[in-house]
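A short write-up of the structure that comes next.
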2 protein chains.
Amino acid sequence: MKHEDAHQHVHHNHNDCIESALSTAEALCIQQGQRLTKVRRRALELIWESHRPLGAYQLLAKLAEEGFNSAPPTVYRALDFLLGAGLIHKVESMNAYLGCAHADKAHKGYFLICDECHNVMEFDYQDIHAALVEKAARQGFELRAETIELTGLCEKCKGKSVGASA
Amino acid sequence: MKHEDAHQHVHHNHNDCIESALSTAEALCIQQGQRLTKVRRRALELIWESHRPLGAYQLLAKLAEEGFNSAPPTVYRALDFLLGAGLIHKVESMNAYLGCAHADKAHKGYFLICDECHNVMEFDYQDIHAALVEKAARQGFELRAETIELTGLCEKCKGKSVGASA
DNA sequence: GTTTTACTTGTTATATCATAACAAAATTCT
DNA sequence: AGAATTTTGTTATGATATAACAAGTAAAAC
Ligand SMILES: [Zn+2]
Ligand SMILES: [Zn+2]
Ligand SMILES: [Zn+2]
Ligand SMILES: [Zn+2]
């Protein structure tokens, strides 16, 4: 078990994350009559193993190492599938993809992205969602999707960069 | 006066938008000791003339038509300058750039993006901003920048796509 | 269980978005 | 004018994403 991601905000057994995500994924796909093929499944695992947003070509390289086809459509098809199934999110401001830990509950991904360590936390904020829907509606706008990406400093990095001077 | 943007959500004299944006830009640049050079100024005008987000290479083509250099760095430098000065925003989910009508007030751009007509409305929502800052802080996160991009159907397009069937 | 159908993958090429690196020119400061 | 700073020109390349069509595979129909 390699553990290059041990510097997470909250320490946890990341293997559990992955296993849980994968079983959810399988259940969801069966339920929806979708096929979680080898390459799709492996793509999802690799995204989870990184535990921070992974670029399409980074993912493609990992897949290629394992014998999958190495042309871009391979990875973009897998990503499209996983996005469509709600199993991952795209972080628009990073052009990168992140596993969703709550794929079973339909929702939008709200992210806190650390400028320093590039860790990304997904957070749920029903209040904000409701407020946005209402605000949009007041302008005659029917809200369908939200991209909420907040950048700054996570707790750990905030400590590091400020600690010495203060 | 060409008026390919007459199908705005709210009709208005768009020339006023542009003039107002340009004078604000000039004032701001002088105030900050920045130089609004020819290419930067013209880039800003062209972004405003489109009145919806413009891709970097679309803008580059327009600049090239007018005799400016046609290599990518030309446009990306202008965009970097304008972004840095707060005169435009980048819409991350579209990889496109939009003039800011309130460049004088430091703020983050929140956008309503229509899936149909691709018009983009910037909206200000201090409540949401405050809630996000507080929510982030509660997780130990120091918020620096926000990407808030909401997609859906604007009032006009909502009418079009639903009207006939209902 | 073979045919038909729908879906998935392979393959090649290309489109789109963005930056690195260094040289030349213009502007500002002294 | 001369030096320092900033801006622009130029060439090359990196990074992200899709189009188009052929081949293969799995599911459904018969
Ligand atoms: Zn999620
Ligand atoms: Zn951090
Ligand atoms: Zn703005
Ligand atoms: Zn619309």
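Scope of the values below: all heavy atoms of this structure, side chains included, with no hydrogens, waters or symmetry mates. Keep in mind that this is a model prediction, so the values were computed, not measured. Note on naming: letters A, B, ... go to the chains in the order of the sequence lines (proteins, then strands), and numbering restarts at 1 for each one.
- From the 5' end on, the contacts that DNA chain C makes with chain A at under 4.0 Å to a non-hydrogen atom open and close at C:dC7 to C:dT12.
- A:Glu66 has no carboxylate O lying under 4.0 Å from a charged side-chain N of A:Lys62, or vice versa, which leaves the two without a salt bridge.
- Using five terminal pairs a side, the axes of the helix from C:dG1-D:dC30 to C:dT30-D:dA1 at its two ends make an angle of 30°, given in steps of 10 degrees.
- To the nearest 0.5 Å, atoms OG1 (A:Thr74) and CG (A:Asn69) are separated by 3.5 Å.
- OP1 and OP2 of D:dT16 both lie 4.0 Å or more from every side-chain N or O belonging to A:Lys90.
- No salt bridge links A:Glu155 with A:Lys158; every basic N to acidic carboxylate O contact stays at or beyond 4.0 Å.
- What separates CG of A:Leu60 from P of D:dA15 is a distance of 13 Å, to the nearest Å.
- Contact annotation: A:Asn95 reaches the phosphate of D:dA17 (side-chain N/O to OP1 or OP2, under 4.0 Å).
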Quiz prompt | Per-nucleotide protein contact string for nucleotides 25-30 of chain D (B base, S sugar-phosphate only, - none; heavy atom under 4.0 Å) | solution = -S----
Exercise. Could you please spell out the steps behind the side-chain contact (heavy atoms from CB on, under 4.5 Å) verdict for B:Phe141 and A:Met121?
Key: CA-CA 10 Å; B:Phe141 197 94; A:Met121 265 189 289; 4.3 Å; yes
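- Taking atom CZ on B:Arg40 and atom P on D:dG9, their separation rounds to 11 Å, with Å as the unit.
- Residues of residues 67-82 of chain B that place a heavy atom closer than 4.0 Å to DNA chain C, in numerical order, are B:Pro72, B:Pro73, B:Tyr76, B:Arg77.
- Atom CG in A:Leu83 sits roughly 10 Å away from atom P in D:dT18 (whole-Å rounding).
- Evaluation of the ring-ring contact (aromatic ring centres under 6.0 Å, His included) rule for A:Phe68 yields no partner, not counting sequence neighbours.
- One can place CG of A:Leu59 at 12 Å from P of D:dT16, the figure rounded to the nearest angstrom.
- The distance between the ring centers of B:Phe111 and B:His89 falls below 6.0 angstrom.
- Counting heavy atoms from C-beta on, the side chains of A:Ile113 and B:Thr147 never come closer than 4.5 Å.
- Spacing between atom CD of B:Glu92 and atom C1' of D:dA17 amounts to 16 Å, rounded to whole angstrom units.
- A sub-4.0 Å separation between OP1 or OP2 of D:dA17 and a side-chain N or O of A:Tyr97 is present.
- The aromatic rings of A:His14 and A:Trp48 lie tilted to each other, with the angle between the two planes from 30° to 60°.
- Going from atom CG of A:Leu98 over to atom OG of A:Ser50 covers 8.0 Å, rounded to the nearest 0.5 Å.
- Counting only residues at least two apart or in different chains, side-chain hydrogen bond (donor to acceptor under 3.5 Å, both in side chains) contacts with residues 91-104 of chain B comprise B:Ser93-B:Glu149.
- The main-chain N or O of B:Leu46 is never found under 3.5 Å from a side-chain atom of B:Glu49 such that the two would form a donor-acceptor pair.
- The structure places CG of A:Leu63 at 10.5 Å from CD of A:Glu45, a figure rounded to the nearest 0.5 Å.
- The cluster map of Ile, Leu, Val, Met, Phe, Trp and Tyr, joined by side-chain heavy atoms under 4.5 Å apart, puts A:Ile30 and A:Leu44 in different clusters.
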